[in-house]
Participant: 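One structure is given below, represented as structure tokens, and several questions about it will come after.
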Amino acid sequence: DMKNNRLQVASLFCGCGGSDLGAVGGFTYLDKEYARLPVDIVYAVDFDTKAVQTYNHNFEHPAICDDVCNVDFKLIPDFDVLVGGFPCQSFSTVNPTKDTNDERANLYKQIVRALHNKKPKAFICENVKGLMQLRSGTILEKIIGEFKNEGYYVKFKLLRAVDYGVPQRRERVIIIG
């Protein structure tokens, strides 16, 4: 699968490319050099025009500006790893009007759809801490259950940005399958 021993990555909800930069490496942060990795982004999509413009200014492979719900996964290149920080407004602890039936709360299903259609070797998803707390964790259990139904062994962990030298208190749930 891997072209020339390079990992092929697809990025859903790519935003301006933070997760993708982590995947490809080749940058310096807090005086630490991160080597360029044998990773190629073969597909990236986000519906935010400004984020896609920023992404396309910084990455060789251009992102497509579209709603991921419109993507026909049969028509995109095959990939080894799916990266997707699915939108989280309705899971955020700072959103007082959380509606977990809101369509944004169901965008993780697009990750499930991609996994179902493309069967990558692995996936990495990132989300807000609030996802763990919603309805006493039953929402996260449901999402992980759907990932498992696609044949993935799934683990998740809460990571704190400050533990990695990032000057902020942001906490994120990382889900790996």
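The chain is numbered in sequence order, starting from 1. The figures here come from the full heavy-atom set of this structure, side chains too, leaving out hydrogens, waters and symmetry mates. In this text, all values refer to a predicted model and were calculated from it rather than measured experimentally.
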Participant: For the residue pair Y108 and N127, establish whether any side-chain heavy-atom pair is separated by less than 4.5 Å.
Facilitator: no

Participant: Is it possible for you to say whether L158 and V162 belong to one hydrophobic cluster, with membership spreading through side-chain heavy-atom contacts below 4.5 Å?
Facilitator: no

Participant: Minimum heavy-atom separation for Y152 and P120, please, with both atom names.
Facilitator: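 Looking at all heavy atoms of both residues, the closest pair is OH-O, 2.6 Å.
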
Participant: Using side-chain heavy atoms (C-beta onward) and a distance below 4.5 Å, is L115 in contact with F73?
Facilitator: no

Participant: Rounded at 0.5 Å granularity, tell me how far CG in L21 sits from SG in C14.
Facilitator: 12.5 Å

Participant: Can you check whether L159's main-chain N or O pairs, donor with acceptor, with D163's side chain at less than 3.5 Å?
Facilitator: no

Participant: Can you tell me how far apart CD (E126) and CD1 (I175) are? Round to the nearest 0.5 Å.
Facilitator: 9.5 Å

Participant: Supply the atom-to-atom distance L12 CG to C125 SG, rounded to the nearest 0.5 angstrom.
Facilitator: 8.5 Å

Participant: Is D40 reaching over with its side chain to a backbone N or O of V42, donor-acceptor style, under 3.5 angstrom?
Facilitator: no

Participant: Closest approach of A114 and L82, non-hydrogen atoms and distance?
Facilitator: CB-CD2, 3.9 Å

Participant: What pair of heavy atoms forms the shortest contact from Y29 to G165, and how long is it?
Facilitator: OH-O, 3.7 Å

Participant: Looking at R36, I'd like to know if its CZ atom is crowded, meaning that more than 12 non-hydrogen atoms belonging to other residues, nucleotides or ligands lie closer than 6.0 Å.
Facilitator: yes

Participant: Give the C-alpha distance, both sets of side-chain angles, the deciding distance and a yes or no for side-chain contact (heavy atoms from CB on, under 4.5 Å) between L30 and Y164.
Facilitator: CA-CA 10 Å; L30 296 176; Y164 298 90; over 6 Å; no

Participant: Looking at every heavy atom in both N58 and T54, which two are closest together, and how far apart are they?
Facilitator: ND2-O, 3.0 Å

Participant: Measure the spacing between CD of Q53 and CG of D48 and express it to the nearest 0.5 Å.
Facilitator: 9.0 Å

Participant: Judged by modelled atom types alone, do Y55 and D20 share a side-chain donor-acceptor pair under 3.5 Å?
Facilitator: yes

Participant: Evaluate whether atom NZ of K119 has more than 12 neighbouring non-hydrogen atoms of other residues, nucleotides or ligands under 6.0 angstrom away.
Facilitator: yes

Participant: Give a yes or no on whether V68 and V52 share a hydrophobic cluster (residues Ile, Leu, Val, Met, Phe, Trp, Tyr; joining criterion: side-chain heavy atoms under 4.5 Å apart).
Facilitator: no

Participant: Should the pair K32 and Y34 be classed as cation-pi, given the thresholds of under 6.0 Å to the six-membered ring centre and 45° from the axis?
Facilitator: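 Geometry flag: set, cation within 6.0 Å and 45°.
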
Participant: If I compare all heavy atoms of V173 with all of V128, which pair ends up nearest, and what's the gap?
Facilitator: CG2-O, 3.5 Å

Participant: Just to verify, what does F156 make a ring-ring contact (aromatic ring centres under 6.0 Å, His included) with, not counting sequence neighbours?
Facilitator: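 Expected list: none.
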
Participant: Is the F13 to F86 ring centre distance short of 6.0 Å?
Facilitator: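 Judged by ring-centre distance (under 6.0 Å), F13 and F86 do not meet the cut-off.
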
Participant: Between I76 and K118, is the side-chain contact (heavy atoms from CB on, under 4.5 Å) condition met? List the steps.
Facilitator: CA-CA 9 Å; I76 73 168; K118 299 305 272 189; 4.1 Å; yes

Participant: If you count the non-hydrogen atoms of other residues, nucleotides and ligands that lie under 6.0 Å from CD in E60, is the total more than 12?
Facilitator: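 Result for CD/E60: open.
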
Participant: Give, for atom CD1 of I176 and atom NZ of K157, the distance between the pair rounded to the nearest 0.5 Å.
Facilitator: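 Between atom CD1 of I176 and atom NZ of K157 there are 10.0 Å.
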
Participant: Going from NZ on K142 to CD1 on I144, what distance comes out if it is rounded to the nearest 0.5 angstrom?
Facilitator: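 Going from the NZ atom of K142 to the CD1 atom of I144 covers 13.0 Å.
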
Participant: What heavy-atom pair brings K148 and V154 nearest, and what distance separates the two atoms?
Facilitator: CG-CG2, 3.8 Å

Participant: Check for me whether the distance between the ring centres of F123 and F147 falls short of 6.0 Å.
Facilitator: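 When the ring centroids of F123 and F147 are compared, they turn out to be within the sub-6.0 Å range.
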
Participant: Can you tell if the side chain of D80 reaches within under 4.5 Å of the side chain of Q8, non-hydrogen atoms only?
Facilitator: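 Sidechains of Q8 and D80: in contact.
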
